[in-house]
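A short worksheet on the structure shown next.
Below, read A as the first sequence line, B as the second, and so on, with proteins coming before strands; counting in each chain starts at 1.
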Amino acid sequence: MPPVRWSQTLIPTLKESPEGAEIPSHVLMLRAGLIGQVMAGAYTYLPLGLRALKKAERIVREEMDRAGAVELLMSALTPIQLWERTGRVAAFGNVLINFKLNRAGRQVHVALGPTHEEIVTDLVAKHVSSYRQLPLTLYQIQTKFRNEERPRFGILRTSEFLMKDAYSFDTSVEGLNASYDKMYAAYCRIFERCGLQYLPVEAESGPIGGDASHEFMVVADNGEDRVVHCASCGYAANLERADTGDRTVKAEPGDLKPLTKLDTPGTTSIEQVSKLLKCKPRQMIKTMIYEADGQPIAVLLRGDHEANEGKIRRALGAKSVELASPEVIERVTKAPVGFAGPVGLEIPRWADHDVAALRNAVVGGNEQDKHYVGANLTRDYTVDHFADLRNADADDPCPKCAGKLALRHAIEVGHVFKLGTKYSEALEARFSDEKEQLRTIIMGCYGIGVNRIIAALIETQHDADGIIWPMALAPYEVLICPIKASDPEVMKVADQLHDELLAQGVDVLLDDRDQRPGVKFKDGDLVGIPLRVVIGDRGLKDGQLELKWRTKKEAGMLPLAGAVEKIAELVSQAKRLNSN
RNA sequence: CGGGGCGUAGCGCAGUCUGGCUAGCGCACCUGCUUUGGGAGCAGGGGGUCGGAGGUUCGAAUCCUCUCGCCCCGACCA
């Protein structure tokens, strides 16, 4: 066992919040002495932080094993050729950390693995050739490298992080679905056991479509992702993915006003125009020019809505959709960027459903420094197709029930994804079936950010005094806090209690520092160890110890006789609460 | 890569605008004494290339130029 006395380990707690840390998980991980920053996007795990990380890792490993996945460890160093074969050198771009190694008389171009589809698929291609060897799910827990151009939020977005990545290999889509479901269930157990309040959400699924991808989210104000959630039926989806419910809209009441062109010098954004003309963004139409497979089209949205390129691409049935270049915009609108509008526009016009309800709208004038007011559908402009083309928003109708959607920030802690044959095709991972036919292996991939489990937990479970660990992830389960470390009688009891708890398999830390009680209590609360045992000369006279849970305000007394068994029992009870 | 902020003792900060005695404060640290149930008191002490380089000046933490690093917002994110 490693040192389990405070004075023998390294727990550099900080009284004040370090400059540069802003969100709770970052501040508390630094203050509690869990991590130390090495550079932007890279941290050292100090003894306490490492213990928590190892516990999360262990839960992940246990549940992967239970689900039938097999652990291996792939190299972090990978040959660039493998990434070229799948086209991901370009796809990753600057994110892929790669460099050349000098070796006797030649150079070897390598990349540090940001994920391992290529490596694992190549491995399986080499060693699997028959349907008899499948299905197979392989996983590893390993440090991944991605050059984040802007690392941020402490441990939440770093260039080096610990990831569990699993890959399933099946002979059929049914097999893939079964493998996927097993991983999905394992993920639920993992996050449950970690004491996280998580939410599986439908995510952008790429080429396969359908329910081919889910993200596991922890709702937190500082999360970088946004999800919509319906409180009444439980529907949850990534913002990019989320459908919006029934939007059959009826036109707003009121008389049609005449179409009038106004001078709006220099106002090229919705915000500027609304300010100048004293109208609300929701009374405006945002006209965006896209190129769909090279053909310019116009997308009309209500001014306060955000375009969703994935939805636009699917609605058009196009392979690629991107915002048009300024040259194309000027050619089709005959105006500089910022003044596009539907009136007189001659390219195909697609509109989001909500545009149909707008009456007397403010739109671009297709002329420099001009906007129209009083624009109305049919009379002043027409739309070729209506569709769902925008991101969902708070208070949109739920697509699954009569409820309304709520918009939340969230931290992505896991992602499960049905890959299909993208990598097995490119890397020729094939198998012979019963009829000796050569077929391509069907894959799934499944990731968990192990560091993010810790960060998300702290982000959502802390108070003004510090971290509040669940028993399952706490670096130590029990803190023994002798009040007078200088008193040999007190320390004798503390040492004995420590040794006996350790023998019972309890993770116990003895704060043997000769500090005033206040200092020890504050540090204990900051570090967040779930159960605190205080040994003072006062209680000791009556053969009593004091027992306090991190989550409770009041402490209770416990007779010294039989204390070890009682404490061990309390700890295992608390662990069990989260283990099923 | 665009916008903003910061860099002074281990940590948190003041001083910079308006250049001027020996660069300051709190915490932490060391020594001694007194204390001991929610970040103790007194006394004494150590610790600084003021991020770095160049320049202006009689004189630079302070003004100018360049540069490095960190943080935040945006863009980007299999």
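Distance alone, capped at 3.5 Å, is enough to place a donor-acceptor pair between the A/Ser159 side chain and the A/Glu148 backbone. Judged by distance alone, the side chain of A/Arg513 and the main-chain N or O of A/Ser7 form no donor-acceptor pair under 3.5 Å.
Look at B/C33: its Watson-Crick or wobble partner, with both distances under 3.5 angstrom, is B/G41. Look at B/C66: its Watson-Crick or wobble partner, with both distances under 3.5 angstrom, is B/G52. Nucleotide B/A61: unpaired (no Watson-Crick or G-U wobble partner with both distances less than 3.5 Å). The partner of B/A75 cannot be assigned: no Watson-Crick or G-U wobble pair with both contacts below 3.5 Å exists in any strand. Pairing of B/G26, defined by two Watson-Crick or G-U wobble distances under 3.5 Å, is identified with B/C11.
Here the nucleotide nearest the side chain of A/Arg150, chosen from B/G37, B/U36, B/A75, is B/A75. For A/Arg31, counting side-chain heavy atoms from C-beta on, the closest listed nucleotide (B/C70, B/G39, B/G37) is B/G39. Closest to the side chain of A/Val519, from the set B/A40, B/G38, B/U36, is B/A40. Considering only side-chain atoms of A/Lys522, the nucleotide from B/G12, B/G38, B/G37 that sits closest is B/G38. Between B/C73, B/G12, B/G39, one nucleotide has an atom nearer to the side chain of A/Glu19 than all others, and that is B/G12. In the set B/C11, B/U36, B/G74, B/C11 carries the atom at the smallest distance from any side-chain atom of A/Glu16. Of the candidates B/G37, B/C73, B/C29, the closest approach to any side-chain atom of A/Val534 belongs to B/G37. Distances were taken from every side-chain heavy atom of A/Lys15 (C-beta onward) to each of B/C70, B/G39, B/A75; the shortest belongs to B/G39. Among B/G37, B/C73, B/C29, the nucleotide with an atom closest to any side-chain atom of A/Phe153 is B/C73.
Checking A/Asn391 against A/Lys311 by side-chain atom types alone, no donor-acceptor pair falls below 3.5 Å. Counted by atom type alone, A/Glu240 and A/Asn308 present zero donor-acceptor pairs between their side chains at under 3.5 Å.
Minimum heavy-atom separation, A/Val321 to A/Glu309: O-OE1, 3.6 Å.
Of the C1' atoms belonging to B/C42 and B/G47, the separation is 22 Å, rounded to the nearest Å. Atom C1' of B/U62 sits at a distance of 13 Å from the matching atom of B/U56, rounded to the whole Å. The C1' atoms of B/U57 and B/G74 are separated by 42 Å, rounded to the nearest whole Å. Nucleotides B/A9 and B/A53 place their P atoms 16 Å apart, quoted to the nearest Å. B/C63 sits 34 Å from B/G45 when the P atoms are compared, rounded to a whole Å. As rounded to the nearest Å, B/C70 and B/G32 have C1' atoms that lie 41 Å from one another. Separating the C1' atom of B/U16 from that of B/A23 is a span of 13 Å, rounded to the nearest Å. Across the C1' atoms, B/C76 and B/A14 are found 39 Å apart, a figure rounded to whole Å.
Within the nucleic acid shown, A/Ala40 comes within 4.0 Å of sugar-phosphate atoms alone, with no base atom in reach, counting heavy atoms only. Looking at heavy-atom distances under 4.0 Å, A/Asn94 makes no contact with the nucleic acid at all. Within the 4.0 angstrom heavy-atom criterion, no nucleotide atom of any strand lies near A/Glu148.
A/Leu14 has its CG atom 10 Å from the C1' atom of B/G10, to the nearest Å. When the P atom of B/C72 is taken as reference, atom CG of A/Leu156 falls 10 Å away, rounded to whole Å. Computed from coordinates, the A/Asp511 CG to B/G39 P distance equals 15 Å when rounded to whole Å. Rounded to whole Å, the distance from NE2 on A/His415 to C1' on B/C77 is 13 Å. For the pair A/Asp514 CG and B/G37 P, the computed distance is 13 Å after rounding to whole Å. Between A/Arg152 atom CZ and B/C6 atom P the separation is 21 Å, expressed in whole Å. If you take CD of A/Glu224 and P of B/C72, they are 10 Å apart, rounded to a whole angstrom. A/His409 places its NE2 atom 11 Å from the P atom of B/C73, with the value rounded to the nearest Å.
Relative ring orientation between A/His26 and A/Tyr43 is described as perpendicular, the plane-to-plane angle rising above 60° on a 0-90° scale split at 30° and 60°.
Of the two residues near RNA chain B, A/Asp537 and A/Gly20, the one whose nearest nucleotide lies more 5' is A/Asp537. Comparing A/Ile23 and A/Pro18 against RNA chain B, the residue whose closest nucleotide sits nearer the 5' end is A/Pro18.
Side-chain N/O atoms of A/Arg538 include none lying less than 4.0 angstrom from OP1 or OP2 on B/G37. Look at A/Gln37 and you won't find any side-chain N or O under 4.0 angstrom from OP1 or OP2 of B/G69.
Residues A/Trp549 and A/Leu570 have side chains in contact (heavy-atom distance under 4.5 Å, counting atoms from C-beta outward).
The side-chain tip of A/Arg88 does not point at the ring of A/Tyr423 from less than 6.0 angstrom away and within 45° of straight on.
One donor-acceptor pair, N or O on each side, does fall under 3.5 Å between the base of B/G38 and the side chain of A/Arg532. Side-chain atoms of A/Arg157 and base atoms of B/C77 include a donor and an acceptor less than 3.5 Å apart. Not a single donor-acceptor pair, N or O on each side, falls under 3.5 Å between the base of B/G38 and the side chain of A/Arg516.
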